[in-house]
S.K.: 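I have a structure here, written as structure tokens, and I will follow up with some questions on it.
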Amino acid sequence: MEMEPLYRPQGVEERWQQTWEEEGLYAADPDPSRASWVYAFPPPNVTGSLHLGHALQLSIGDALARWKRMQGRNVLIQAGYDHAGIATQSVVEKFLESEGTSRRELGRDAFVERVWAWLHEYGGTIVGQFRRLGASMDYRRIRFTMDDAYVRAVMRFFVHLYGRGWIYRDNRIVNWCPYHETSLSDLELEDVEVDDALSTIRYPLADASGHIAIATVRPATIPADVAVAVHPEDERYRDLIGKDAVVPFVERRVPIIADERVDPEFGTGALKITPGHDPTDFAIGRDHDLLEPSAIREDGRMSDLVPELEGLTQEEAAERILDWCRERDLLEKREHYRHSVPTCERCHTRIEPRISLQWWCRMGELKQPALEALRERRVAFHPESQHRFALSSLEDAPDWNISRQIWWGHQLPVWYCPDGHITVAETEPEACTECGSAELTRESDVLDTWFSAALWPFATLGWPEQTPDLAAFYPGDLQTTAREIIRLWENRMIFSGLELLGEVPFRDVIIHTTLLAADGRRMSKSLGTGIDPLDLIAEHGADATRYGLMKMSSSQDVRFSPQQIEEGRRLANKLWNASRLLLLSGAVEPAVRPQALEERWILARVDATRAELEADLAAHDFAHAVERLYHLTFDDFCDWYLESIKPRLEEADVRATAFAALERLLKLLHPVTPHVTEEIWSHLPARASRLIVARWPEPDERFADAADALVRVQEAAERFRRSGVLTPLEGEEKRIFDTVVRPERDGARNGDVDAERARLRAEIERAERMLANERFVEKAPADVVEAEREKLERYRRELDAIGD
RNA sequence: GGGCGGUUAGCUCAGCUGGGAGAGCAACGGCUUUACACGCCGUAGGUCGCAGGUUCGAGCCCUGCACCGCCCACCA
């Protein structure tokens with residue numbers, strides 16, 4: 001096949017992706033002869049498409065996987081989808097709206113069928129996009145959290161926790177979305193700034209001795225007030241504590257209580273307590289044994305608490321109540337107030353804090369083994385700061401609200417009989433376990449999406465069955481994710497794995513960099529700041545994209561910059577052309593037969609880089625890892641080594657060594673840029689296997705001695721190019737210098753010996769000053785002082801050589 | 001309000017346990033050199049956010065301040 005001067009990844013990459021997969025090189029099967037290495041890739045939303053975060057973590061994870069595979073490990077990257085309960089339900093509901101129907105019109109069973117139909121038509125595109133990035137996942141093993149087998153695992157988990165006594169039902173205040181009519185976790189919310197009005201309203205004292213004024217943005221909730229609270233230390237109200245106030249409009253007597261959660265600085269310093277519609281009030285109410293009436297219904301309109309308000313919107317009700325207050329001179333003032341309120345991240349409806357009956361999982365005992373595992377670092381989050389965060393958020397983890405009032409998801413395996421007895425079973429029971437009634441109704445709630453996601457590392461391998469896959473691939477090795485997923489998912493996988501299988505699901509969790517938009521804001525579709533990785537791949541290739549994303553993954557937040565991707569593209573092209581040079585000179589069987597200094601040197605450089613690269617990858621320092629590969633390729637391999645052997649390329653032995661060095665270089669690069677390296681590999685003299693499964697280079701320190709000699713040549717070259725000064729060199733060193741630098745060309749330009757002399761004098765002066773400082777010589781470490789002396793001597797020698 | 005991180009060259013970022021400020025890109029100058037102009041060689045560009053402190057010596061350690069980002073908790 002012809003090798004064009006310009007490497008074009010388009011077409012080449014797709015061909016290798018297909019070949020690798022067809023030849024079964026991505027496949028992982030239990031193999032007792034090899035140690036496994038398992039990376040359960042976070043299952044994306046089944047309705048989702050590839051974004052830069054996926055691409056980044058996949059670049060990292062796949063590079064590690066390919067590295068481990070070349071080291072002989074039996075690598076499994078688990079792929080699949082999450083059903084993403086509320087997100088998917090929202091997407092399909094919007095679709096139904098466009099068709100002129102709705103979830104309610106269809107009813108539950110028909111709706112769920114429509115979701116499945118929708119998914120078969122439009123869902124599951126993202127895994128194809130993983131392929132396009134070159135992700136070496138076992139695509140035969142795609143799992144979905146709604147697969148029959150997976151559903152069985154989820155049911156088993158629920159029944160198990162219930163049997164342990166850790167699952168209970170309770171009325172709590174939850175984030176309620178009036179549009180979806182479901183509870184939401186705190187993490188499914190989005191804060192939005194709104195312009196509101198803050199009303200100050202007088203509540204008359206029951207003994208008619210005056211009034212106490214409160215401030216509220218939600219007058220509609222006044223009918224559900226059950227108390228007025230003040231801070232216990234607040235002098236203004238000390239005398240009122242224990243008295244009764246009269247709630248306007250409903251004219252109900254309520255106590256004035258003291259509670260430290262009231263902020264005396266805000267508003268009037270007095271707070272109306274509405275446990276049914278505010279989280280703080282709810283907490284205060286529980287502590288003071290207050291009633292929890294509800295003025296607002298599931299749909300966000302007024303309840304029948306006050307019959308004349310029933311069915312009104314909150315705005316309408318608020319107007320009525322405020323009018324009532326105005327007429328009696330109880331409305332002190334009404335002022336503009338801007339604040340942020342939680343909204344549903346899917347439909348942007350304002351969240352209604354609401355008390356409802358929910359299912360909960362007690363965390364107290366369940367999390368203990370996970371805490372221990374984290375403390376003992378049997379699971380380690382990287383970087384270290386995130387490990388501390390993971391540990392502290394698990395320590396603080398409140399009981400887990402596991403129920404959602406939506407239709408798409410795993411329906412709770414809970415059945416009620418007419419007498420209200422509860423039967424919990426993995427499959428539909430025949431009769432109530434308590435009274436034997438056969439009239440059973442299933443709980444309509446479904447489980448939180450993260451409840452099933454918590455089982456991902458083992459439910460994908462067949463658990464609860466004791467499958468060969470489970471034996472071979474559990475526990476796994478790697479997890480990668482974004483910071484905000486730690487509490488939602490990582491910690492829950494850890495405690496679930498420990499509870500159900502007795503072992504942690506993975507050893508290392510890499511919390512990857514968050515890529516910001518160029519202006520420093522968060523990347524998001526709604527801000528229009530997102531970048532489609534598929535566009536990057538189409539333009540620059542998957543290799544360049546992988547390289548660039550790894551280069552960008554250094555600190556916690558990094559702004560996206562296309563230059564890094566372009567750098568990757570140049571690297572691929574450079575590698576391509578270096579290989580072209582050797583192949584055009586005549587392919588020969590690779591053999592390590594170094595005869596000259598530069599040959600020993602490049603082999604030493606490649607080996608040194610191998611060692612450094614291994615250390616970088618082990619430390620998850622991907623930015624430095626790829627930078628090293630870039631310099632090895634450009635500076636060492638091309639600019640020095642290939643330039644210096646060019647005149648001798650007709651010698652077969654020289655080429656044999658060159659091909660051997662190239663092979664090692666390709667191997668080191670393969671985890672980062674798999675396609676171009678495999679493509680070049682295929683042009684090399686017949687290899688027994690694909691590069692993807694070739695053996696990672698063994699340490700080879702035979703030529704380490706060549707490094708120093710070459711450094712001398714490189715320094716001489718730098719000096720010559722800078723100043724025209726020729727450093728005396730002999731033999732091999734002089735030959736390489738003459739080949740690469742070519743004094744007849746580079747030296748003609750400027751011979752600024754004076755500048756070089758001045759430079760050396762400045763260095764000498766500086767070193768002399770340091771060494772003249774007694775405190776420095778006394779207190780600095782001996783090796784630092786010694787190094788300074790050596791520098792001084794060297795500079796003096798060099799100055800002598802030039803001629804002072 | 002709490003937590004994490006950041007502030008170093010025009011841009012994106014490195015700088016290990018304190019010991020001569022770096023890379024890539026961009027800019028500028030020079031090279032049609034038997035692979036690559038997506039190339040090669042070189043030049044310039046930085047009071048390392050600000051103010052103190054510790055130290056013989058601080059980009060790095062300590063204190064305070066300013067600004068930016070993210071996460072969490074939120075005052076009705």
Side-chain angles (χ1 to χ4, degrees), chain A residues 3-7 186-187 191 198-199 214-218 221 229 261-274 277-281 337 339-340 342 383 385-386 388-389 392-393 396 482-484 486-487 511 514 516 518 520-522 540 544 551-552 554-564 566-567 569-585 621 623-624 627 630-631 634 638-639 642-643 646-647 649 717-718 721-722 740-742 745-746 748-750 762-763 766-767 770 773-781 783-785 787-788 791:
Chain A
M3 287 180 82
E4 291 178 20
L6 178 64
Y7 172 65
D186 292 345
L187 301 136
D191 284 345
L198 183 67
S199 306
I214 57 89
T216 181
V217 289
R218 304 189 59 201
T221 63
R261 279 162 285 200
V262 180
D263 177 5
E265 305 292 321
F266 188 90
T268 62
L271 174 64
K272 76 186 195 67
I273 299 299
T274 321
H277 301 293
D278 182 276
T280 308
D281 294 7
Y337 183 58
H339 64 146
S340 66
S385 59
Q386 300 306 322
R388 291 196 302 272
F389 173 72
S392 70
S393 38
D396 298 341
R483 283 195 296 283
E484 66 264 24
I486 292 173
R487 323 157 170 250
I511 305 302
T514 301
L516 306 175
R521 286 185 301 170
R522 192 178 168 69
H540 306 286
K551 185 87 188 280
M552 280 179 249
S554 52
S555 49
Q556 183 169 284
D557 299 310
V558 172
R559 296 180 184 205
F560 178 83
S561 59
Q563 298 105 308
Q564 322 274 31
E566 279 158 25
E567 191 175 314
R569 192 180 52 158
R570 275 197 308 282
L571 175 62
N573 188 61
K574 189 71 172 174
L575 199 62
W576 177 255
N577 276 287
S579 310
R580 248 184 103 225
L581 172 66
L582 293 179
L583 285 164
L584 291 174
S585 302
D621 185 352
H624 281 123
E627 190 176 299
Y630 184 90
H631 283 119
F634 272 80
C638 294
D639 297 346
L642 287 185
E643 288 303 326
K646 249 184 197 173
L649 270 180
E718 270 176 45
R721 282 168 175 154
R722 193 167 54 224
V740 179
V741 179
R742 275 174 271 190
R745 192 192 70 226
D746 292 2
R749 186 165 35 84
N750 64 23
E763 297 287 7
R766 192 198 143 273
M770 291 274 294
N773 180 341
E774 282 175 33
R775 301 233 184 163
F776 169 71
V777 178
E778 269 171 44
K779 297 195 174 180
D783 57 323
V784 172
V785 177
E788 208 58 43
K791 276 186 225 161

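Model, not experiment: these values are computed from the prediction. All chains are named by letter (A, B, ...) in the order of the sequence lines, taking the proteins before the strands, and each is independently numbered beginning at 1.
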S.K.: Could you pull out all residues at least two apart from A:Arg218 that satisfy salt bridge (Lys or Arg N to Asp or Glu O under 4.0 Å)?
M.R.: A:Glu352
S.K.: Quick one: A:Glu567 CD to B:rA23 C1', roughly how many Å, whole number?
M.R.: 8 Å
S.K.: Let me know the distance between CZ of A:Arg487 and P of B:rC72, rounded to the nearest Å.
M.R.: 7 Å
S.K.: Using nucleotides 74-76 of chain B, report all nitrogen or oxygen pairs with the protein that are shorter than 3.5 Å.
M.R.:
{"residue": "B:rC74", "atom": "N4", "partner": "A:Ser340", "partner atom": "OG", "Å": "2.7"}
{"residue": "B:rC75", "atom": "OP1", "partner": "A:Thr280", "partner atom": "OG1", "Å": "2.1"}
{"residue": "B:rC75", "atom": "O2", "partner": "A:Asp263", "partner atom": "OD2", "Å": "2.1"}
{"residue": "B:rC75", "atom": "N3", "partner": "A:Asp263", "partner atom": "OD2", "Å": "3.2"}
{"residue": "B:rA76", "atom": "OP2", "partner": "A:Tyr337", "partner atom": "OH", "Å": "2.9"}
{"residue": "B:rA76", "atom": "O2'", "partner": "A:Ala215", "partner atom": "O", "Å": "3.3"}
{"residue": "B:rA76", "atom": "N6", "partner": "A:Asp263", "partner atom": "O", "Å": "2.7"}
{"residue": "B:rA76", "atom": "N6", "partner": "A:Phe266", "partner atom": "O", "Å": "3.0"}
{"residue": "B:rA76", "atom": "N1", "partner": "A:Asp263", "partner atom": "N", "Å": "3.4"}

S.K.: For atom P, what is the distance between B:rC60 and B:rA9, given to the nearest Å?
M.R.: 15 Å
S.K.: Write down the distance between CG (A:Leu571) and C1' (B:rG39), rounded to a whole number of angstrom.
M.R.: 14 Å
S.K.: So which one's nearest nucleotide on RNA chain B is more toward 5', A:Val784 or A:Arg580?
M.R.: A:Val784
S.K.: Rounded to the Å, how far apart are A:Trp576 CH2 and B:rC38 C1'?
M.R.: 14 Å
S.K.: I'd like to know if A:Lys646 and A:Glu643 make a salt bridge, using a cut-off of under 4.0 Å between side-chain N and carboxylate O.
M.R.: yes
S.K.: Is the base of B:rA35 touched by the side chain of A:Glu643 through a donor-acceptor pair closer than 3.5 angstrom?
M.R.: yes
S.K.: Identify all stems in which RNA chain B takes part, counting only runs of at least 3 consecutive pairs (Watson-Crick or G-U wobble, each distance under 3.5 Å), and give each as one range with another, ordered by first number.
M.R.: B:1-7 with B:66-72, B:10-13 with B:22-25, B:27-31 with B:39-43, B:49-53 with B:61-65
S.K.: Walk along nucleotides 3-14 of chain B from 5' to 3' and tag each nucleotide B, S or - by protein heavy-atom contact under 4.0 Å, base first, then sugar-phosphate.
M.R.: -BS-----BSSS
S.K.: Picking from B:rC38, B:rC36, B:rG19, which would you name as closest to the side chain of A:Asn577?
M.R.: B:rC36
S.K.: If we take the C1' atom in both B:rC36 and B:rC31, what is their distance in whole Å?
M.R.: 15 Å
S.K.: Distance check needed: B:rC25 C1' versus A:Glu566 CD, whole Å only.
M.R.: 8 Å
S.K.: Rounded to whole angstroms, how far apart are CG on A:Leu575 and P on B:rC38?
M.R.: 18 Å
S.K.: Taking the same atom, C1', in B:rU43 and in B:rC4, what whole-Å distance lies between them?
M.R.: 41 Å
S.K.: According to ring pair (Phe, Tyr, Trp, His ring centres under 6.0 Å), who are the partners of A:Phe560, at least two apart in sequence or on a separate chain?
M.R.: none
S.K.: Find out whether A:Lys574 and A:Tyr630 are in side-chain contact, i.e. whether some heavy atom of one side chain is under 4.5 Å from a heavy atom of the other.
M.R.: no
S.K.: Taking CZ from A:Phe634 and C1' from B:rA37, how many angstroms apart are they, rounded to a whole number?
M.R.: 12 Å
S.K.: Rounded off to whole Å, could you give me the CD-to-P distance for the A:Glu778 and B:rC56 pair?
M.R.: 10 Å
S.K.: Taking the nucleotide of RNA chain B with the nearest heavy atom to each, does A:Pro781 or A:Asp621 sit closer to the 5' end?
M.R.: A:Asp621
S.K.: Picking from B:rC25, B:rC40, B:rC36, which would you name as closest to the side chain of A:Tyr630?
M.R.: B:rC25
S.K.: With rounding to the closest Å, how many angstrom separate the C1' atoms on B:rC50 and B:rA58?
M.R.: 16 Å
S.K.: Whether A:Lys779 contacts B:rG18 is assessed here as follows: a side-chain N or O lying under 4.0 Å from the phosphate OP1 or OP2. Is that the case?
M.R.: no
S.K.: Taking atom OH of A:Tyr7 and atom CZ of A:Arg569, what is their separation to the nearest 0.5 Å?
M.R.: 12.5 Å
S.K.: Counting the atoms with a prime plus P, OP1 and OP2 as sugar-phosphate, which does A:Leu6 contact under 4.0 Å by heavy atoms, base, sugar-phosphate, or nothing?
M.R.: base
S.K.: For A:Asp621, check side chain to side chain donor-acceptor pair (under 3.5 Å) against everything at least two apart and list the hits.
M.R.: A:His624
S.K.: Please report the distance separating the P of B:rG39 from the corresponding atom of B:rA26, rounded so that it comes out in whole Å.
M.R.: 8 Å
S.K.: Return the set of residues passing side chain to side chain contact (heavy atoms under 4.5 Å, CB included) with A:Ser555 (not counting sequence neighbours), or none when no residue passes.
M.R.: A:Val558
S.K.: Going by side chain to side chain contact (heavy atoms under 4.5 Å, CB included), name the residues that satisfy it together with A:Val784, two or more places apart in sequence or in a different chain.
M.R.: A:Phe776, A:Pro781
S.K.: For the atom pair CG (A:Leu271) and OG1 (A:Thr216), what is the distance rounded to the nearest 0.5 Å?
M.R.: 8.5 Å
S.K.: Kindly write out the residues that satisfy side chain to side chain donor-acceptor pair (under 3.5 Å) with A:Asp557, not counting sequence neighbours, or none if the list is empty.
M.R.: A:Arg483
S.K.: Under the salt bridge (Lys or Arg N to Asp or Glu O under 4.0 Å) test, which residues partner A:Arg261, sequence neighbours left out?
M.R.: A:Asp259, A:Asp287
S.K.: What interatomic distance, in whole Å, is found between P of B:rC61 and the corresponding atom of B:rC16?
M.R.: 9 Å
S.K.: For B:rA37, take OP1 and OP2 only and decide whether either is under 4.0 Å from a side-chain N or O of A:Arg570.
M.R.: no
S.K.: Applying salt bridge (Lys or Arg N to Asp or Glu O under 4.0 Å), name anything that partners A:Lys779, two or more places apart in sequence or on another chain.
M.R.: none
S.K.: Between B:rU8 and B:rA76, how far is it from one C1' atom to the other, in whole Å?
M.R.: 45 Å
S.K.: Holding to salt bridge (Lys or Arg N to Asp or Glu O under 4.0 Å), I want the full list of residues that pass it with A:Lys791, two or more places apart in sequence or in another chain.
M.R.: A:Glu788
S.K.: Can you check the distance between B:rG30 and B:rA44, where both ends of the measurement are the P atom (answer in whole Å)?
M.R.: 16 Å
